[in-house]
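Let me begin by presenting the structure, written as structure tokens, before commenting on it.
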Amino acid sequence: MLVDLISIAPAARVDKLMRLRRRAVALGIEFFGTWDTPFRNLTAESLLRASHGFCAAVQGHSLEFNVDGSIKVCSHTTTQIGHVDTFEDLFEATSSPWLELIASRFPGTDAYCAGCAIEGPCGGQCHVTREVVARAPEDRRRVLFEDMCEFFRGITHALAVNYLESLPYTA
């Protein structure tokens, strides 16, 4: 689970997802989720048969305009980055909440992610997940992040090994 602890250890979640993924691939079924995003970003390998990058919202490639005039980076977030009445303010390089959000996810800017082997391709994960974790009591945040990060490092490693094993061997 991405936003709270579950009783299944990260390594067991990785093993289960990889078993499900292998079975789905064998049946010709696309099987993906936010859990494979760091791997796809690391390799530029798309499971959707097209160019893929991290969440368009975190990359700064999407805006959502809501009927109340609020502007958000995706439909799932509660973080408002602007309003239609002040749309041009989004592009102000010195004070835009949109640009601040994007810059806050660059490698080297987040203490939770510092030194992680997949910091760049992971991007600190989904903004919505981070919003939910931020609402947790302070003493739980580190535990939630450690569990989430251990899982994401494990699944990225497993996907990388699986990908390398699938490449044709040439001597």
Side-chain angles (χ1 to χ4, degrees), residues 1-62 64 72-79 101-102 104-137 139-171:
M1 184 173 239
L2 298 179
V3 296
D4 203 354
L5 295 177
I6 59 175
S7 61
I8 303 168
R13 285 181 259 157
V14 168
D15 290 342
K16 181 71 165 186
L17 271 173
M18 290 305 293
R19 282 195 311 272
L20 290 169
R21 184 178 181 282
R22 281 190 285 277
R23 181 71 177 139
V25 168
L27 294 171
I29 299 170
E30 298 287 354
F31 188 76
F32 56 91
T34 60
W35 51 270
D36 68 0
T37 299
F39 167 73
R40 288 184 279 154
N41 288 334
L42 185 65
T43 62
E45 179 72 15
S46 174
L47 302 179
L48 300 174
R49 313 282 191 264
S51 173
H52 176 81
F54 189 69
C55 168
V58 172
Q59 283 185 317
H61 292 165
S62 70
E64 176 188 270
K72 299 177 180 178
V73 292
C74 84
S75 61
H76 305 289
T77 185
T78 60
T79 303
L101 172 65
I102 296 163
S104 74
R105 303 303 284 283
F106 289 160
T109 61
D110 188 335
Y112 281 117
C113 301
C116 179
I118 62 169
E119 179 181 5
C122 179
Q125 267 309 301
C126 173
H127 184 67
V128 176
T129 301
R130 294 177 66 102
E131 284 178 335
V132 172
V133 170
R135 290 185 201 116
D139 59 335
R140 295 242 327 129
R141 290 181 198 162
R142 174 56 68 180
V143 174
L144 292 168
F145 261 97
E146 287 172 359
D147 181 80
M148 178 179 71
C149 295
E150 183 179 342
F151 168 73
F152 276 101
R153 283 189 296 270
I155 196 69
T156 301
H157 179 265
L159 287 165
V161 167
N162 181 260
Y163 176 73
L164 291 172
E165 289 174 347
S166 73
L167 296 175
Y169 177 77
T170 56

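Values reported hereafter were calculated over all heavy atoms of this structure, with side chains retained and with hydrogens, waters and symmetry mates removed.
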Exercise. Considering only heavy atoms from C-beta outward, does the side chain of R21 approach that of N162 to under 4.5 Å?
Worked result: yes
Exercise. Looking at F152 and W35, what are the two nearest heavy atoms and their distance?
Worked result: CE2-CA, 3.4 Å
Problem set entry | Interatomic spacing from SG in C149 to CD in E119 - rounded to 0.5 Å | 10.0 Å
Exercise. From D147 CG over to R13 CZ, what is the distance, rounded to the nearest 0.5 angstrom?
Worked result: 4.0 Å
Exercise. Is the count of non-hydrogen atoms from other residues, nucleotides or ligands lying under 6.0 Å from R23 atom CZ greater than 12?
Worked result: no
For this session: Please answer whether the main-chain N or O of T77 pairs with a side-chain N or O of E131 as donor and acceptor at a distance below 3.5 Å.
Result: no
For this session: May I ask you to test the M18-L159 pair for a side-chain heavy-atom distance under 4.5 Å?
Result: yes
Exercise. Would a 4.5 Å heavy-atom cut-off, applied to side chains only, mark R19 and R22 as touching?
Worked result: yes
For this session: Nearest 0.5 Å please: distance from the CD1 atom of I8 over to the CZ atom of F151.
Result: 10.5 Å
Problem set entry | Flag side-chain contact, heavy atom, 4.5 Å: T156 against P121 | no
Problem set entry | Student check: side-chain heavy atoms of L17 and F31 closer than 4.5 Å | yes
Exercise. Is there a donor-acceptor pair under 3.5 Å between the side chain of E64 and the backbone N or O of S75?
Worked result: yes
Problem set entry | NE2-CD1 distance between H157 and I118, expressed to the nearest 0.5 angstrom | 11.5 Å
For this session: Evaluate the side-chain proximity of T78 to R135: yes if any heavy-atom separation is below 4.5 Å, no if none is.
Result: yes
Problem set entry | Minimum-distance pair of heavy atoms, taken over all atoms of A111 and R142 | O-NH2, 4.5 Å
Exercise. Judged by atom type as modelled, is there a donor-acceptor pair below 3.5 Å linking the side chain of R153 to the main-chain atoms of A117?
Worked result: no
Problem set entry | Distance-minimising heavy-atom pair for T129 and M148 | CG2-SD, 3.7 Å
Exercise. Which heavy atom in G120 sits nearest to a heavy atom in P107, and how many Å separate them?
Worked result: CA-CG, 3.8 Å
Problem set entry | Stepwise side-chain hydrogen bond (donor to acceptor under 3.5 Å, both in side chains) check, S104 with R130 | CA-CA 12 Å; S104 74; R130 294 177 66 102; over 6 Å; no
